[in-house]
2 protein chains.
Amino acid sequence: MFGNIHHFFLQMIPGLTDEAWQAFADRLQVKQYSKGEELSSAERVNHIISFIEQGAVIAFNVVDGKKHIYNFFFEREYVSDYESFLTREPARYGLEAIEDTTTIDLHYNDLQQLYLSHPVFERAGRMAAEAQFIRLARQISSLLAEKPEERYRNLLRDKPQVLQRVPQYLVASYLGVTPEALSRIRKRISL
Amino acid sequence: MFGNIHHFFLQMIPGLTDEAWQAFADRLQVKQYSKGEELSSAERVNHIISFIEQGAVIAFNVVDGKKHIYNFFFEREYVSDYESFLTREPARYGLEAIEDTTTIDLHYNDLQQLYLSHPVFERAGRMAAEAQFIRLARQISSLLAEKPEERYRNLLRDKPQVLQRVPQYLVASYLGVTPEALSRIRKRISL
DNA sequence: TTCCTTTATTGACCCGGATCAATGAAATCC
DNA sequence: GGATTTCATTGATCCGGGTCAATAAAGGAA
């Protein structure tokens with residue numbers, strides 16, 4: 001049970017004892033989502049942080065009826081409206097499975113108790129926040145310094161699997177353009 | 001000495017003992033920068049995290065000869081190329097004082113020692129990373145969902161002091177447009 | 001103060017992406 | 001399998017922002 005995530009945490013936390021791991025594992029819950037189902041909704045506080053065992057998830061929000069995609073998440077990644085999870089305020093975006101997805105979930109309250117009972121998790125929490133931070137810093141850099149076409153080229157280069165698994169109109173939103181624009185960018189490049 | 005930052009940390013870390021604070025304060029260094037001076041450069045590893053006692057700092061990088069502004073920082077905020085600070089890789093952006101600035105600095109190695117000797121700082125480090133994360137999440141949301149004009153209106157609403165203290169061409173870059181475009185946006189709005 | 005550099009504004013023109021609309025292709029559902 | 005919804009492509013038009021260039025305004029240095 002939880003072999004995947006156990007391995008993941010052992011790599012991430014050098015000082016993780018069996019006892020601490022067990023305390024952690026005791027609080028985990030497995031969940032199943034079908035394609036199209038929401039893991040969590042915008043406007044509601046997100047109490048869960050999920051580790052994706054299998055599948056794919058998008059983070060999105062809806063402004064003026066338009067769905068904006070912030071990110072894609074796949075196997076062996078965390079997913080959460082991390083901001084809502086941290087601030088206890090209503091989430092700014094929702095999470096939706098775009099494939100059938102299995103997650104391993106940890107509840108906010110359980111995490112707080114773990115922080116207290118096993119400070120080794122403070123380090124893991126800090127490193128997770130830091131990793132998220134780095135990801136966002138790069139995304140901002142891309143949005144400020146690159147044109148949509150460059151962003152697409154770089155996505156092709158860095159994460160080609162995204163293009164295989166994610167519908168194009170969602171990729172377009174992630175890149176900050178309309179589906180029509182992305183279609184034309186692809187045409188332009190292929191010529 | 002360090003009254004400002006002491007107060008700041010007492011608020012942030014409920015369990016901060018005098019002894020832990022002293023260990024922390026012993027490692028702090030005050031630095032002075034003149035307007036236009038760089039606190040740290042892109043392409044080099046950033047070993048310092050700074051608390052701004054007084055002044056204003058921009059985070060920027062240069063792509064194809066163009067300077068892109070990622071953020072502004074003012075009194076009682078941390079500033080660092082946090083990504084470089086965390087990853088120990090060359091920084092993606094530099095930091096420059098846009099006013100005469102006083103910072104209180106902490107070196108990376110000192111912080112790591114503090115993490116080991118006083119685990120209470122793990123919590124502070126985690127919360128700092130989380131706060132940074134939240135800031136970036138909002139910035140991405142703004143870049144994806146809002147047009148430049150909306151971003152300017154929101155900046156006016158949320159941080160009017162930025163417009164007072166930061167030259168307009170830097171604000172333009174932060175918003176992701178050229179100085180000319182921002183000038184026209186301002187004209188459009190004022191009509 | 002005056003000079004000189006930096007910053008802000010305005011004009012003209014261009015271009016990539018937005019929008020609206022129609023058609024094709026593909027995935028999904030009985 | 002065929003029917004229907006979803007997704008991708010293409011066309012036409014529009015517009016905001018980019019770019020290049022000139023000028024004006026503001027700030028600093030001496």
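Each chain gets a letter, A, B and so on, in the order its sequence line appears, and its residues count up from 1.
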Among [options], find the nucleotide with the atom closest to the side chain of [X].
| X | options | answer |
| --- | --- | --- |
| B/Lys187 | C/dG11, D/dG11, C/dG17 | C/dG11 |
| A/Arg188 | C/dG17, D/dG17, C/dT10 | C/dG17 |
| A/Val177 | C/dT9, D/dG18, C/dG17 | C/dG17 |

Distances for protein N/O vs nucleotides 4-8 of chain D N/O pairs under 3.5 angstrom?
residue : atom : partner  : partner atom : Å
D/dC7   : OP1  : A/Tyr169 : OH           : 2.9
D/dC7   : OP2  : A/Tyr169 : OH           : 3.4
D/dA8   : OP1  : A/Gln168 : N            : 2.7
D/dA8   : OP2  : A/Tyr169 : N            : 3.0

Self-check item: Earlier contact from the 5' end, DNA chain C, for B/Leu182 and B/Lys147
Solution: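 It is B/Leu182 whose nearest nucleotide is closer to the 5' end.
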Between [atom2] on [N] and [atom1] on [X], what's the gap in Å once rounded to a whole number?
| X | N | atom1 | atom2 | value |
| --- | --- | --- | --- | --- |
| B/Arg184 | D/dG16 | CZ | C1' | 10 Å |
| B/Glu146 | D/dG17 | CD | C1' | 17 Å |
| A/Ile185 | C/dC15 | CD1 | P | 17 Å |
| B/Tyr152 | C/dA8 | OH | P | 11 Å |
| B/Glu150 | D/dG16 | CD | P | 13 Å |
| A/Leu143 | D/dG17 | CG | C1' | 17 Å |

Practice problem: Between A/Glu180 and B/Lys66, just flag the one whose closest nucleotide in DNA chain D comes earlier from the 5' side. | Solution: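 The residue mapped nearer the 5' terminus is A/Glu180.
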Practice problem: Kindly confirm or rule out a cation-pi arrangement of B/Arg165 over B/Phe74, judged by NZ or CZ under 6.0 Å from the six-membered ring centre and within 45° of its axis? | Solution: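 The answer is no, since B/Arg165 fails at least one limit relative to B/Phe74.
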Exercise: do [X] and [Y] side chains pair donor with acceptor under 3.5 Å:
| X | Y | answer |
| --- | --- | --- |
| A/Glu89 | A/Ser84 | no |
| A/His118 | A/Glu19 | yes |
| A/Tyr152 | A/Arg186 | yes |
| B/Thr87 | B/Glu83 | no |
| B/Asn154 | B/Arg157 | yes |

Exercise. Could you tell me whether the phosphate oxygens of C/dA18, OP1 or OP2, come under 4.0 Å of any side-chain nitrogen or oxygen in A/Thr178?
Key: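 Affirmative; the distance criterion is met.
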Practice problem: Determine whether more than 12 heavy atoms belonging to other residues, nucleotides or ligands lie under 6.0 Å from atom CZ of A/Arg135. | Solution: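 Enclosed.
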Quiz item: Any link between A/Tyr70 and A/Leu39 through a network of hydrophobic side chains (Ile, Leu, Val, Met, Phe, Trp, Tyr) touching at under 4.5 Å?
Solution: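 They do not share one cluster, since no chain of ILVMFWY contacts under 4.5 Å joins A/Tyr70 to A/Leu39.
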Self-check item: Contact summary for A/Tyr82 and A/Gly125, nearest pair of heavy atoms
Solution: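 That would be OH-O, 3.9 Å.
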Exercise. Sugar-phosphate atoms are those with a prime plus P, OP1 and OP2; base atoms are the rest. Using that split, label each nucleotide of nucleotides 23-30 of chain D B, S or - for protein heavy atoms under 4.0 Å, 5' to 3'.
Key: -----S--
